[in-house]
Protein chains: 2
Amino acid sequence: MTDIHPRVSSRGEQTRERILDTALELFRERGYEATTMRVIAAAAGVAVGNSYYYFPSKEHLVQAFYSRIQKTQIEAATPLLWKEKSLRARLRLHLHERVHGLTPYHAVSGTLFRSAADPQSPLSPFSAESGPTRRASVAFMREVIDGSSARIPHDVAPSLPHILWLYEVGVVAFWVHDQSPQQQRTHELIDDSTDAIVRLLSLANLPGLRAIRKKMLRWVADLVKDDL
Amino acid sequence: MTDIHPRVSSRGEQTRERILDTALELFRERGYEATTMRVIAAAAGVAVGNSYYYFPSKEHLVQAFYSRIQKTQIEAATPLLWKEKSLRARLRLHLHERVHGLTPYHAVSGTLFRSAADPQSPLSPFSAESGPTRRASVAFMREVIDGSSARIPHDVAPSLPHILWLYEVGVVAFWVHDQSPQQQRTHELIDDSTDAIVRLLSLANLPGLRAIRKKMLRWVADLVKDDL
DNA sequence: GTCTATAACCGGATAGAC
DNA sequence: GTCTATCCGGTTATAGAC
């Protein structure tokens, strides 16, 4: 972070990466519980204490996994988005990429995301510690929207990135529970629900929906209040 | 379970209850992590091994908590439901009761529900082990619906209890994350969303909504496929 | 600052005696 | 059914090497 030297990666950074790579590989192969810190250290060729020097806890490895996969996915989706103009297509592309990047971890995802469900946990997507990752995700969602040809109702516009990020969290939660082959149900869900969302947005200006819209905006604000 | 004798509670059952009571009290007072199995055993006046005789794991205490609170809540809500005829009112009553019963545990709920988010965990509301609790909840939801004056579209009717149970799970998840005083946001959410649901149901027969309805029914079936 | 090695602590879980 | 002793894994502590 504070490395002002132009080195691509210091020795420490290499070690850190090696530990993380090893851990994620073992998580995939044997699952989270079966992968003990002692095993990770041994496989990475370091002492246990050294793992703890870079990752204060086993959960910090999971947090590192989150931000790595998020970064990778944004980098993968960005160039592809240039070709798409409609909000529906852009949303779909983004979300299909999202779950695609997670796919190798599907079997362990339940365990990996376990503590994400605890609001008190730093791993919660709503926690202060997840702030950077969350804001990056929301910012990317904003790009997905702004780069599209869609016209968004004025009152919805400011929080739409947050709303759609919440929706993204929901899609990932569905994917975690999806036991269909290749998680195809999730991909169908993405196609169908992006469709529904775009339709809803075009209906959003109907006078009868003003009230419910206002309420929905408040619910979202409750969940992401710190960075709205 | 298999006790054929008419005794109200055998000695073993008393011990079991004592351990559970003690555990839940300590969870509320000190939180889940801080309450070690050793402390529970000591406070309940038994040996650690004995706790494990009744509850194979710490998580089994949480599971017992689930089914106890569910049973209590159904018993509390049932007599009150007689007074209400509209689906909206009945749903509201049920859900307000639901979160009301959970309220003493709000501070620990995040940790208590942690593993509920893992589909592989027996504590997941979708797991085989949660089957009995889940089916009881769905059955109660069926009563909430059937006892109402609402007319339900034919294709939706069979799975509506499951759909509304899923919605209930969602409300509880929101409640867990709700940091507003007295979780009043959740109570507002209940009022607003029951309203939205009843309206949606009355709109459900519109021809344009057939297709999306079919898809929604399939999504629900995916999540609760074993007992639909 | 990066790293090793080893022992120890703590809490969930198990084994086996009574 | 109930106990004590033990194991196992996350985590910490220590003491020192590059």
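Below, chains carry the letters A, B, ... as their sequence lines are ordered, and counting in each starts from 1. These numbers were taken from a predicted model, which means no experiment stands behind them.
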ask   = Would B:F140 and B:H94 count as a close aromatic pair, with their ring centres under 6.0 Å?
value = yes
task = Answer yes or no: is there an ion pair linking B:R68 with B:E17, defined by an N-O contact shorter than 4.0 Å?
result = yes
request  = Please tell me which of A:Y52 and B:G49 maps to the more 5' nucleotide of DNA chain D, matching each residue to the nucleotide holding its nearest heavy atom.
outcome  = B:G49
remark   = When rounded to whole Å, the NE2 to P distance for the pair B:H60 and C:dT14 reads 10 Å
task = Name the residue closer to the 5' end of DNA chain D, choosing between B:R38 and B:R18 according to the nucleotide with the nearest heavy atom.
result = B:R18
message = Need one value for B:S51: base, sugar-phosphate or nothing, where a base atom within 4.0 Å counts as base even if backbone is also close, heavy atoms only.
response = nothing
request  = Give the rounded distance in Å between these two atoms: CG of B:L26 and P of C:dG11.
outcome  = 14 Å
query = Under a 4.0 Å N-O cut-off, is there an ion pair linking B:K215 with A:D192?
reply = yes
ask   = Thinking salt bridges, do B:E59 and A:R114 make one under a 4.0 Å N-O criterion?
value = yes
ask   = Going by heavy atoms in the side chains, are A:S130 and A:Q63 under 4.5 Å from each other?
value = yes
Contact boundaries on DNA chain D for chain A, cut-off under 4.0 Å to non-hydrogen atoms = D:dG9 to D:dT12
task = Please state how far atom CD in B:E33 lies from atom C1' in C:dG12, giving the value in whole angstrom units.
result = 11 Å
ask   = Are the aromatic rings of A:F65 and A:F27 close, with centres under 6.0 Å apart?
value = no
